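For reference, the structure discussed in these notes is given below.
Below, chain A is the first sequence line, B the second, and so on; all start at residue 1. No experiment lies behind these values; they were computed from the predicted model shown. Just the heavy atoms: all of them, side chains too, but no hydrogens, waters or symmetry mates, feed the values below.
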There are 2 protein chains.
Amino acid sequence: MLQHSILETLPGPLRREALSGLQPLHFEHGKILFRAGDPCQGLPLVLNGSVKVQMTGLSGHSIVLYRMGADEICTLSIGCLMTGDGFRAEAVVEDDAEVYMVPRGLFDRLMDQSADFRLGIMESYGRRLNDLMLLVEEVAFRRMDERLFQWLEARVGQGVITITHQELAVELGTAREVVSRLLKEFERKGLLRLARGKIEFTDSFPR
Amino acid sequence: MLQHSILETLPGPLRREALSGLQPLHFEHGKILFRAGDPCQGLPLVLNGSVKVQMTGLSGHSIVLYRMGADEICTLSIGCLMTGDGFRAEAVVEDDAEVYMVPRGLFDRLMDQSADFRLGIMESYGRRLNDLMLLVEEVAFRRMDERLFQWLEARVGQGVITITHQELAVELGTAREVVSRLLKEFERKGLLRLARGKIEFTDSFPR
DNA sequence: AGCCCTGTGTGACTTTATCACTGAACCTTC
DNA sequence: GAAGGTTCAGTGATAAAGTCACACAGGGCT
């Protein structure tokens with residue numbers, strides 16, 4: 001059954017009320033949950049799949065800020081929900097996802113009625129803030145070759161990755177050419193094999 | 001009288017209860033409110049003055065993440081307060097500040113009892129998240145000379161700024177040498193005059 | 001004066017970003 | 001399956017930013 005742990009903690013009657021007002025929305029790969037400037041429809045609770053949140057700067061460059069997986073909350077939406085301001089970022093579905101959209105009224109009621117719900121929201125906020133702080137540090141001070149290597153390392157289990165250099169540049173917040181050159185370097189060292197839109201790890205890639 | 005707008009919204013009895021449990025703490029310039037790794041004592045409500053929050057990366061470099069002024073809330077503390085994890089960042093007082101420290105119990109009670117308090121907390125969280133998102137964009141994509149120029153521009157009213165190049169480098173998340181060279185460049189263009197620990201704007205600095 | 005500490009200036013070099021362009025891989029459409 | 005268009009990838013040249021190493025200046029102290 002579709003569930004989200006922040007709803008599990010609700011006392012029976014409140015949970016029934018919440019669930020009766022929610023139906024899971026299905027989003028396919030590539031679908032945009034929201035764009036920069038969009039007003040906020042409600043608080044998304046991600047049930048499964050994967051959604052990445054990225055923003056585009058004045059310069060026209062984009063960078064991935066963080067991703068949300070199963071059982072996570074799109075905390076970024078709360079601010080917009082409260083103030084009515086539009087989003088600064090956009091959310092793109094990576095792996096097909098199912099999402100509950102908690103409307104403002106229900107959100108307020110849950111915040112009012114359940115200490116556990118509040119705790120869940122606060123924890124989620126804390127994690128997000130932490131993610132962003134670490135990202136700032138990484139972008140400001142870490143070398144690009146290390147960051148790219150780590151990104152690859154985290155996905156070495158998949159054997160072959162399907163991604164373009166441009167998309168990878170957005171992941172890291174750099175330019176496509178930089179990614180191309182670094183990947184070529186890794187290929188020369190025998191760590192991976194490159195093909196159009198694909199990266200294949202060799203056996204000599206450390207794991 | 002010392003006050004913070006998030007407490008103003010509380011209904012009379014709750015406000016009296018809150019204020020009776022709080023006394024303003026005075027922090028002087030240079031005092032550290034908390035360090036990386038410290039456990040969280042409570043939620044700081046900044047009544048006046050100015051506090052900067054900065055973090056130090058693995059590389060040993062530091063960067064200022066954001067600042068808090070009068071009537072702001074150190075939202076970063078909430079995550080630590082909830083999870084019991086230590087801070088990732090440190091908070092340094094710039095202008096002498098007075099601060100209420102809201103302990104965990106009182107915070108929980110206010111969250112439980114007041115929708116306005118919750119709203120204030122959520123808005124503060126939203127602002128912080130926005131600040132950090134903009135910072136990521138800035139660090140990732142903006143040129144250092146522009147960023148330094150903007151930083152100076154925001155302080156042109158002061159006439160003379162007392163700051164070392166090293167401190168300015170931490171503001172922008174770059175290296176001291178980069179700041180030195182860029183400032184020298186500005187000086188050559190006649191925008192400012194440099195002295196040990198000081199930057200003086202000339203009349204040709206645009207304002 | 002002599003010494004020390006902190007802050008600044010700068011050359012040499014590496015890494016990253018930007019610009020401009022080439023060619024390869026894939027997708028249509030006929 | 002050849003022709004033409006589109007998306008991806010590779011690469012040289014150059015500029016910006018970060019790193020390393022070191023010289024020297026300003027100001028405080030003995």
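- Heavy atoms only, all atoms of each residue included: Gly190(A) and Ser204(A) are closest at O-OG, 2.8 Å.
- Residues Ala140(A) and Arg188(A) both approach DNA chain D. Their nearest nucleotides, taken by heavy-atom distance, put Arg188(A) toward the 5′ side.
- Rounded to an integer number of Å, the gap from Lys198(B) NZ to dG7(C) P is 12 Å.
- A centroid separation of 6.0 Å or more is found between the aromatic rings of Phe201(A) and Phe186(A).
- Counting only distance, with no hydrogens or angles, the side chain of Asn48(B) and the backbone of Glu98(B) share a donor-acceptor pair below 3.5 Å.
- Summarising the geometry, the separation between CD on Glu185(B) and P on dG9(C) is reported as 13 Å, rounded to the nearest angstrom.
- The separation between Glu167(B) atom CD and dG7(C) atom C1' is 11 Å, rounded to whole Å.
- In Glu146(B), the CD atom is crowded: over 12 heavy atoms of neighbouring residues, nucleotides or ligands sit closer than 6.0 Å.
- When rounded to the nearest whole Å, the span between CG of Leu182(B) and P of dG9(C) equals 12 Å.
- Nucleotides of DNA chain D lying under 4.0 Å from heavy atoms of chain A occupy a range whose first and last members, 5' to 3', are dT7(D) to dA13(D).
- Summarising the geometry, the separation between CD1 on Ile199(B) and P on dG7(C) is reported as 14 Å, rounded to the nearest angstrom.
- Here the closest heavy-atom approach between residue Cys40(B) and residue Leu81(B) is recorded as SG-CD1, 3.8 Å.
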Contact string for nucleotides 18-27 of chain C, one letter per nucleotide 5' to 3', B = base within protein heavy-atom range under 4.0 Å, S = sugar-phosphate only, - = neither, reads BBB---BBS-
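- Rounded to whole Å, the distance from CE on Met144(B) to C1' on dA17(C) is 13 Å.
- Applying the 6.0 Å contact sphere to CZ of Arg155(B) captures more than 12 heavy atoms from other residues, nucleotides or ligands.
- In plain terms, the two heavy atoms of Gly57(A) and Glu137(B) that are nearest each other are CA-OE2, 2.9 Å.
- Nearest heavy-atom pair, Gln3(A) versus Leu47(A), reported as atom, atom and distance to 0.1 Å: O-CD2, 3.4 Å.
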